Amino acid sequence: MKYFTTAATLAATLLLSGAAIAQDKYTVALDGTFAPHAMPKLGGGIEGFNVDLSNLIGERLGVEMDIVATQFSGILPGLQAGTYDFVVAPTTITEERAQSLLFSEGYLNTDFLFLVANDAPEITDMKEFEGKVIAVNKGSAYDSWARDLADEIGWTVESYGTNTDAVQAVVSGRAFANVAGNTVAAWAAQKNPAVKPSYLHSTGLVWGMPFRKGDEELRAKVETVIECLKIDGSIAELHEKWFGMAPPAGSAAVTPRAGFGEPGYDGYVDDGHTPAC
């Protein structure tokens with residue numbers, strides 16, 4: 001059985017038990033407001049790509065997954081404090097984070113995706129946005145990135161209070177395109193038939209699952225399952241379900257890595273392990 005708890009319920013349970021979490025259950029954390037990765041559902045609980053992925057991992061390992069929905073700002077500190085066994089929230093693997101955390105291999109690319117109106121021409125090169133208005137969520141990473149490229153590309157950037165408003169600017173014709181994270185943009189396109197995915201800008205970064213340093217054995221168990229879910233197409237199925245499109249060939253969602261961890265980052269172990277299912 002899989003179930004969800006709040007952070008407060010988890011804390012109370014730990015105080016009452018006073019014991020380490022049993023081997024037949026893992027307590028994992030994610031941000032329950034980051035659609036479409038995790039979001040509230042009618043009738044209670046949460047749903048989303050990472051919720052489904054977590055439950056699949058639990059099923060393959062034969063364990064219960066106690067999924068705690070909480071604010072992202074407290075998730076990594078909670079992991080380090082031992083509150084969670086590992087983290088299933090989308091977490092970008094960076095050199096800085098890899099110095100203090102142990103990461104699984106990446107399971108999704110974290111790229112920038114442009115949305116355009118359904119009748120807009122196909123865009124195959126970012127230079128084709130020259131002279132166009134690009135709508136972004138004010139203060140986001142995409143806002144600063146687009147503004148940094150304004151002189152080089154020749155586009156005009158307009159900022160909106162929410163990404164939903166930025167997408168609406170495309171629908172109404174006030175902007176030619178909206179740019180946001182690839183999974184969030186794909187979700188918006190799936191929910192709004194007036195727009196479609198367009199140009200994908202690769203950042204070269206991926207999302208992985210963080211573990212505590214020293215938990216190499218647990219990382220290996222979970223990563224072996226992630227690799228199998230890539231090989232048998234399970235992650236690709238979740239990608240289509242939640243993002244409305246198949247993952248690109250060669251992307252992290254369909255490409256298992258040899259060894260354990262993400263190559264090129266601290267904590268990666270090239271021990272001859274070959275992905276299998």
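Everything numeric here is computed off the predicted structure, so don't read it as measured data.
- When hydrophobic clusters are built by joining Ile, Leu, Val, Met, Phe, Trp and Tyr residues whose side-chain heavy atoms come closer than 4.5 Å, directly or via intermediates, Val88 is grouped together with Ile46.
- The distance from the CG atom of Leu102 to the CD atom of Glu216 is 5.0 Å, given to the nearest 0.5 Å.
- Ala252 and Val206 make their closest contact through CB-CG1, 3.9 Å (heavy atoms, listed as atom of the first residue, atom of the second, distance).
- For Thr124 and Glu128, the side-chain atoms include at least one donor-acceptor pair closer than 3.5 Å.
- Contact between Pro40 and Gly32 at its shortest, heavy atoms only, is CD-O, 3.3 Å.
- Side-chain N or O atoms of Thr110 include none that pairs as donor or acceptor with a backbone N or O of Thr203 at under 3.5 Å.
- With 3.5 Å as the limit, one finds a donor-acceptor pair spanning the side chains of Ser159 and Arg147.
- Residue Glu240 qualifies as enclosed at atom CD: its count of foreign heavy atoms under 6.0 Å is above 12.
- For the atom pair Asp266 CG and Arg97 CZ, the distance stands at 15.0 Å (nearest 0.5 Å).
- For Tyr26 (side chain) and Gly58 (main-chain N/O), no donor-acceptor pair under 3.5 Å exists by modelled atom type.
- A perpendicular orientation is assigned to the rings of Phe129 and Tyr199, their planes being inclined by more than 60° (bins at 30° and 60°).
- In terms of hydrophobic clustering, with Ile, Leu, Val, Met, Phe, Trp and Tyr side chains grouped at heavy-atom distances under 4.5 Å, Leu79 and Val63 are assigned to different clusters.
- At least one side-chain heavy atom of His239 sits less than 4.5 Å from a side-chain heavy atom of Leu108.
- Judged by distance alone, with hydrogens and angles left aside, the side-chain atoms of Arg212 form a donor-acceptor pair with the main-chain N or O of Tyr84 at under 3.5 Å.
- Between the Thr255 side chain and the Gly250 main chain, a donor and an acceptor come within less than 3.5 Å of each other.
- Between Phe176 and the options Val116, Thr156, Val170, a side chain to side chain contact (heavy atoms under 4.5 Å, CB included) holds for only Val116.
- Within a 6.0 Å radius of NZ in Lys213, more than 12 heavy atoms belonging to other residues, nucleotides or ligands are found.
- For the pair Leu115/Val167, a side-chain contact is recorded, criterion being any heavy-atom separation below 4.5 Å from C-beta on.
- Between Arg219 and Val269 there is a side-chain heavy-atom pair separated by less than 4.5 Å.
- For the pair Ile226 and Ile235, the minimum side-chain heavy-atom distance is below 4.5 Å.
- Contact annotation: the side chain of Leu53 approaches that of Leu229 to within less than 4.5 Å [non-hydrogen atoms, C-beta and beyond].
- Here the closest non-hydrogen pair linking Ala180 and Asn163 is CB-OD1, 3.7 Å.
- Residues Ala98 and Phe103 approach most closely at N-CE1, 4.0 Å, considering heavy atoms.
- At least one donor-acceptor pair under 3.5 Å links the side chain of Ser104 to the backbone N or O of Met209.
- Side-chain contact check for Glu95 versus Tyr265: some heavy-atom pair is nearer than 4.5 Å.
- Proximity of His201 to Val179: side-chain heavy atoms (C-beta onward) are nowhere separated by under 4.5 Å.
- To the nearest 0.5 Å, atoms OG (Ser172) and CG (Asp165) are separated by 10.0 Å.
- No side-chain heavy atom of Lys132 sits under 4.5 Å from any side-chain heavy atom of Phe114.
- Proximity of a side-chain donor or acceptor of Trp155 to a complementary backbone N or O of Met126 within less than 3.5 Å is not detected.
- More than 12 heavy-atom neighbours from other residues, nucleotides or ligands sit within 6.0 angstrom of CG on Asp271.
- Using a 4.5 Å cut-off between side-chain heavy atoms of Ile, Leu, Val, Met, Phe, Trp and Tyr, with links allowed through other members, Val225 and Ile67 fall into the same hydrophobic cluster.
- Note: the hydrophobic cluster containing Val51 also contains Val28 (ILVMFWY, side chain heavy atoms under 4.5 Å, direct or indirect links).
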*What's the verdict on side chain to side chain contact (heavy atoms under 4.5 Å, CB included) for Phe86 and Asp215, showing C-alpha distance, side-chain angles and the deciding distance?*
CA-CA 9 Å; Phe86 60 99; Asp215 277 355; over 6 Å; no
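- We find the CD-OG1 distance between Glu227 and Thr274 to be 9.0 Å, quoted to the nearest 0.5 Å.
- The aromatic rings of Phe49 and Phe243 lie parallel to each other, their planes meeting at an angle below 30°, with 60° marking the opposite boundary.
- Between atom CG of residue Asp31 and atom CG of residue Asn50 there is a gap of 10.0 Å, rounded to the nearest 0.5 Å.
- A distance-only check finds a donor-acceptor pair linking the side chain of Gln80 to the backbone of Ser100 [under 3.5 Å].
- In this structure, the side chain of Glu223 engages the main chain of Gly261 through a donor-acceptor pair within 3.5 Å.
- Side-chain atoms of Glu47 do not come within 3.5 Å of backbone N or O of Lys41 as any donor-acceptor pair.
- The CD1 atom of Ile153 sits 9.5 Å away from the CD1 atom of Ile134 when rounded to the nearest 0.5 Å.
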*Start with the C-alpha distance between Val157 and Asp143, add both sets of side-chain angles, then the distance that settles side chain to side chain contact (heavy atoms under 4.5 Å, CB included), and finish with yes or no.*
CA-CA 8 Å; Val157 180; Asp143 188 350; 4.2 Å; yes
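- The two atoms that bring Ala89 and Leu30 nearest to each other are CB-CA, 3.6 Å, heavy atoms only.
- Shown here for His37 and Thr183, the closest heavy-atom pair between the two residues is NE2-OG1, 2.8 Å.
- Cluster membership check: Trp207 shares its hydrophobic cluster with Trp242, using side-chain heavy-atom separations under 4.5 Å among Ile, Leu, Val, Met, Phe, Trp and Tyr.
- The backbone N or O of Leu113 sits nowhere less than 3.5 Å from a side-chain atom of Asn182 that would complete a donor-acceptor pair.
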